[in-house]
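So you know, we letter chains A, B, ... as the sequences are listed, proteins then strands, and number each from 1.
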There are 2 protein chains.
Amino acid sequence: MGAPDRGPQTSARKRADARRNEQSLLDAAAAAFLAAGVDVPVREIAVRAGVGVGTIYRHFPTRTDLVVAVYRHQVEAAAEAGPTLLAASDTPYAALTRWIDLFVDFLVTKHGLAEALQSDDAAFAALHAYFLDRLVPVCARLLDAAATAGEVRPDVAPYELLRGVGNLCIGAGRDPRYEARRLVELLIAGLRP
Amino acid sequence: MGAPDRGPQTSARKRADARRNEQSLLDAAAAAFLAAGVDVPVREIAVRAGVGVGTIYRHFPTRTDLVVAVYRHQVEAAAEAGPTLLAASDTPYAALTRWIDLFVDFLVTKHGLAEALQSDDAAFAALHAYFLDRLVPVCARLLDAAATAGEVRPDVAPYELLRGVGNLCIGAGRDPRYEARRLVELLIAGLRP
DNA sequence: AACAATACGGAACTTGGTTCCGTATCCAAT
DNA sequence: ATTGGATACGGAACCAAGTTCCGTATTGTT
């Protein structure tokens with residue numbers, strides 16, 4: 001269980017320059033995503049990292065793999081926050097609400113991440129899958145606890161809820177008239193029995 | 001008020017071949033969107049219509065304009081259904097629910113339309129604007145009536161609701177585990193005071 | 001029938017992801 | 001310290017997909 005150990009040495013049996021480059025790439029990509037959104041051209045990331053595009057593709061077979069790698073630890077944090085919140089909150093419903101808030105924060109602060117997650121582009125299937133694999137079980141546990149306590153309707157699938165929330169975050173921050181949080185709140189309110 | 005008159009003669013003072021081509025293009029595009037989603041390449045539409053790509057761009061300056069043209073009458077239908085439903089339904093809330101249902105049907109049956117609507121791609125801004133211009137007032141009227149009747153909270157912006165619903169429809173039909181309608185229902189349930 | 005005006009086709013250009021391969025770098029064995 | 005082979009690198013080249021351009025064809029009017 002837990003993350004596949006991303007310690008200081010990202011991969012054990014690799015050449016020193018390769019490890020160095022992988023790290024530069026992760027840093028450069030994170031910066032680029034922040035500055036220009038997840039859709040930033042690969043070439044620009046390569047320039048930022050001071051590396052050729054070929055190098056990107058050797059480390060990350062696809063643009064998406066790079067995106068996944070960059071956000072992996074944040075997804076892990078979200079996943080780990082679930083049980084913590086459940087233990088610390090007064091009621092399961094409160095924990096669920098807080099956890100969803102966390103998830104929304106994560107999505108709306110990364111330009112274009114929510115979009116990418118739901119894109120039908122085959123390249124993003126991996127990203128989608130990763131998020132879901134990691135977060136659906138956490139959401140399921142929270143939802144289950146709340147349902148057992150009679151705080152939410154028992155017929156809501158964690159997968160659907162997560163995707164719904166993710167979808168609502170699309171385009172947030174691009175338009176001041178659209179406040180994703182408010183919509184998510186509405187959706188969560190709709191969970192009550 | 002109403003549509004800018006798309007009669008049999010799409011534009012009055014044009015050469016006969018131009019009118020013919022514009023119609024072929026609309027038909028071909030509609031078929032292509034249905035078969036391969038709104039993301040179908042322009043070139044394929046050109047082939048289907050038996051026309052060069054240049055011809056597409058003369059009639060529709062941008063891919064998006066073509067999309068707008070194809071869906072225009074369906075958007076009009078949705079817009080016109082609003083007042084009709086309001087008059088025919090028992091309560092404003094019922095009308096709102098039905099109208100939203102209609103909107104969802106529209107979006108989920110067009111592959112990729114919902115995605116395109118929320119895409120941050122500048123090219124789709126026109127599509128987005130068109131939908132909103134036409135539908136926000138209709139939604140506002142329904143929402144207002146329901147709020148006045150005390151059936152929904154009075155603090156929900158029509159624009160936000162519409163975008164929220166649109167967002168929830170993204171990816172519907174691509175994944176059997178995700179039923180957009182169920183999520184929208186949840187969202188609407190969250191509207192109750 | 002002939003001439004503008006209008007519209008057409010599709011090659012060429014642009015942008016962005018991905019692949020390929022000749023070259024440079026690393027490191028383990030000597 | 002040297003060196004040979006494995007490993008990794010850079011970036012030119014390739015493949016879509018949207019869009020532009022312009023020489024050619026069609027239309028309708030005189």
inquiry  = Walk me through whether B/Asp65 and B/Thr62 qualify under side chain to side chain contact (heavy atoms under 4.5 Å, CB included).
reply    = CA-CA 5 Å; B/Asp65 295 309; B/Thr62 231; 3.3 Å; yes

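Distance A/Gln23 CD to D/dC9 P: 14 Å, rounded to the nearest Å. Atom pair A/Ile45:CD1 and D/dG10:P shows a separation of 15 Å (rounding to whole Å applied). Between the C1' atom of D/dA8 and the CZ atom of A/Phe60 lies a distance of 14 Å, rounded to the nearest Å. The distance from atom NZ of A/Lys14 to atom P of D/dA8 is 7 Å, rounded to the nearest whole Å. Going from atom CD1 of B/Ile56 over to atom C1' of C/dG9 covers 12 Å, rounded to whole Å. Remark: C1' of C/dA5 and CG of B/Asp17 are 12 Å apart, rounded to the nearest angstrom. Taking atom CG of residue A/Leu66 and atom P of nucleotide C/dG17, one finds them 11 Å apart after rounding to whole Å. Rounded to whole angstrom, the span from the CZ atom of B/Arg43 across to the P atom of C/dG9 amounts to 15 Å.
Taking the nucleotide of DNA chain D with the nearest heavy atom to each of B/Arg63 and B/Arg20, the more 5' of the two is matched to B/Arg63. Looking at which nucleotide of DNA chain C each of A/Ala16 and A/Tyr57 is closest to, the 5′-most match is held by A/Tyr57. Residue whose closest nucleotide on DNA chain D sits further toward the 5' end, between B/Pro41 and B/Arg15: B/Pro41.
Note on B/Arg58: a base of the nucleic acid sits closer than 4.0 angstrom, heavy atoms only. A/Ala46 comes within 4.0 angstrom of nothing in the nucleic acid, heavy atoms only.
In this structure, of D/dC9, D/dG11, D/dG18, it is D/dG18 that holds the atom nearest to the side chain of B/Val42.
Distances shorter than 4.0 Å separate none of the side-chain N or O atoms of B/Thr55 from OP1 or OP2 on C/dA7. Close to C/dC8, at under 4.0 Å from its OP1 or OP2, lies a side-chain N or O of B/Asn21. Residue A/Thr62 places none of its side-chain N or O atoms closer than 4.0 Å to OP1 or OP2 of C/dG17. Proximity of B/His59 to the phosphate of C/dC8: a side-chain N or O atom is located under 4.0 Å from OP1 or OP2.
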If you look only at distance, which donor and acceptor atoms sit under 3.5 Å apart when one is on a side chain in residues 32-52 of chain B and the other is two or more places apart or in another chain?
none

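B/Cys169 pairs in a side-chain contact (heavy atoms from CB on, under 4.5 Å) with only one of the listed residues (B/Leu117, B/Leu183, B/Val108, B/Asp105), which is B/Val108.
Residues A/Leu113 and A/Phe131 have side chains in contact (heavy-atom distance under 4.5 Å, counting atoms from C-beta outward). Looking at heavy atoms from C-beta onward, B/Asp101 lies out of side-chain contact with B/Val184 at the 4.5 angstrom threshold.
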